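Only one structure is covered here, and it is reproduced in the block below.
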Amino acid sequence: KSLKIREKIYQEDHPDIAGSYMNIGSTYDSLGEFNKALEYYENSLKIYEKIYQEKDHPDIAMSYMNIGSTYDSLGEYNKALEYHEKSLKIFEKIYQEDHPSIAGSYNNIGLTYDSLGEYNKALEYKQKSLKIREKIYQEDHPDIAGSYMNIGSTYDSLGEFNKALEYYENSLKIYEKIYQEKDHPDIAMSYMNIGSTYDSLGEYNKALEYHEKSLKIFEKIYQEDHPS
């Protein structure tokens with residue numbers, strides 16, 4: 001409805017129309033309709049490129065990032081990488097070195113390298129992301145916890161289970177501080193990751209303990225028929 005009104009009152013290449021395309025794309029993304037999401041993100045990008053022409057602008061970088069993430073969801077990882085790198089290139093030009101958007105781009109590139117099975121490259125980018133986040137945020141921030149979790153996952157894939165455990169436990173400590181006594185999916189996911197790593201280490205009683213903790217939280221926060 002919003003898009004329909006904006007298309008009536010504005011010229012074709014207007015930032016508000018581009019913004020509507022981006023918002024609709026995001027909703028299709030959330031619904032798992034990735035090809036539809038891609039269509040709207042690409043329409044949004046076309047308008048931003050016309051408006052800003054050759055200029056490096058955050059809206060263009062964000063469009064590249066969204067398109068990259070959608071290609072990730074579609075399993076087209078080389079295309080995803082191409083767009084994440086374009087996004088990073090613009091963010092590095094317009095922002096100082098330590099900026100959340102640069103950290104986000106590094107993280108996205110790391111996740112895509114994970115999907116490509118290039119774990120050492122994934123680790124390199126995820127650690128760059130963590131380094132920036134540790135500089136710009138307070139110690140107990142969800143993005144830092146997320147970085148620890150992501151790095152733990154890559155160590156897991158590399159078979160370095162003790163390193164993975166160390167990062168998962170650091171992630172859990174932060175989430176427990178943030179959410180305190182509340183039952184939260186991030187805490188449940190941390191328990192699950194730690195449990196799976198104890199499985200890999202052959203410490204099955206410890207693994208069971210963490211898997212049961214994870215299940216207890218998921219049962220509280222979700223209905224019975226939930227993938228978690």
Side-chain angles (χ1 to χ4, degrees), residues 22 25-26 29-30 34 37-38 41-42 44-45 48-49 52 55-160 163-175 178 186 189-190 193 197:
M22 192 180 280
S26 174
D29 227 341
S30 301
F34 303 120
L38 194 61
Y41 286 146
E42 285 174 341
S44 178
L45 175 62
Y48 285 136
E49 285 178 330
Y52 304 120
K55 292 172 190 166
D56 296 313
H57 193 278
D59 289 338
I60 293 175
M62 192 56 68
S63 293
Y64 286 146
M65 185 186 280
N66 289 334
I67 291 169
S69 295
T70 307
Y71 275 126
D72 272 320
S73 301
L74 287 164
E76 296 190 42
Y77 302 119
N78 286 310
K79 276 194 174 179
L81 194 60
E82 178 192 334
Y83 279 91
H84 287 316
E85 285 173 343
K86 282 182 175 182
S87 178
L88 174 62
K89 198 173 176 182
I90 293 174
F91 283 138
E92 285 180 326
K93 281 183 184 176
I94 57 180
Y95 295 130
Q96 291 176 338
E97 195 175 323
D98 301 325
H99 190 278
S101 296
I102 294 174
S105 285
Y106 282 145
N107 190 60
N108 289 336
I109 291 169
L111 293 171
T112 305
Y113 274 125
D114 259 339
S115 300
L116 287 164
E118 296 190 42
Y119 300 120
N120 286 310
K121 277 197 171 180
L123 200 58
E124 177 193 335
Y125 279 92
K126 288 180 183 184
Q127 283 171 336
K128 282 182 176 181
S129 178
L130 174 61
K131 200 172 177 181
I132 293 172
R133 286 171 172 175
E134 285 178 328
K135 281 184 183 176
I136 59 179
Y137 296 129
Q138 291 178 334
E139 196 175 320
D140 303 326
H141 191 280
D143 282 359
I144 294 175
S147 279
Y148 282 139
M149 190 181 281
N150 289 336
I151 291 169
S153 170
T154 305
Y155 275 123
D156 229 338
S157 300
L158 286 165
E160 296 190 39
K163 287 291 283 183
L165 194 61
E166 178 191 331
Y167 278 90
Y168 286 147
E169 285 173 342
N170 285 338
S171 179
L172 175 61
K173 279 175 196 167
I174 294 173
Y175 284 137
I178 294 167
D186 288 338
M189 193 57 68
S190 293
N193 289 334
T197 307

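Atoms considered below: every heavy atom in the structure, side chains included; atoms not considered: hydrogens, waters and symmetry mates. Predicted model, so just to flag it, every value in this text is computed and none were measured. When a residue number appears, it is its place in the shown sequence, counting from 1.
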Any heavy-atom pair between the side chains of [Y] and [X] that's under 4.5 Å?
X: Met149; Y: Tyr168; result: yes
X: Leu38; Y: Tyr71; result: yes
X: Pro100; Y: Ile136; result: yes
X: Asp156; Y: Asn193; result: no
X: Ile144; Y: Asn170; result: no
X: Glu118; Y: Thr112; result: no

To the nearest 0.5 Å, how far apart are [atom1] in [X] and [atom2] in [Y]?
X: Tyr125; Y: Leu111; atom1: OH; atom2: CG; result: 13.0 Å
X: Tyr95; Y: Ile90; atom1: OH; atom2: CD1; result: 10.5 Å
X: Asp143; Y: Leu130; atom1: CG; atom2: CG; result: 10.5 Å
X: Leu123; Y: Lys163; atom1: CG; atom2: NZ; result: 8.5 Å
X: Tyr77; Y: Leu116; atom1: OH; atom2: CG; result: 8.0 Å

Would you say the side-chain atoms of Ser147 and Asn107 include a donor-acceptor pair closer than 3.5 Å? no
For the pair Tyr52 and His57, name the ring-plane relationship: parallel under 30°, tilted 30 to 60°, perpendicular over 60°. parallel
Restricting to non-hydrogen atoms, name the atom on [X] and the atom on [Y] that form the minimum distance, rounded to 0.1 Å.
X: Glu85; Y: Ile109; value: CG-CD1, 4.0 Å
X: Lys93; Y: Asp56; value: CD-OD2, 3.0 Å
X: Lys126; Y: Thr154; value: NZ-OG1, 2.6 Å

Are more than 12 heavy atoms from other residues, nucleotides or ligands located less than 6.0 Å from atom NZ of Lys79? no
Do side-chain atoms of [X] reach the backbone of [Y] as a donor and acceptor pair under 3.5 angstrom?
X: Ser105; Y: Ser101; result: yes
X: Ser63; Y: Asp59; result: yes
X: Ser171; Y: Tyr167; result: no
X: Ser30; Y: Ser26; result: yes

Side chain to side chain contact (heavy atoms under 4.5 Å, CB included) for Met65 and Phe91? Distances and angles first, verdict last. CA-CA 10 Å; Met65 185 186 280; Phe91 283 138; 3.6 Å; yes
With side chain to side chain contact (heavy atoms under 4.5 Å, CB included) as the criterion, how do Tyr148 and Leu172 come out once you've worked through the C-alpha distance, each side chain's angles and the decisive distance to 0.1 Å? CA-CA 9 Å; Tyr148 282 139; Leu172 175 61; over 6 Å; no
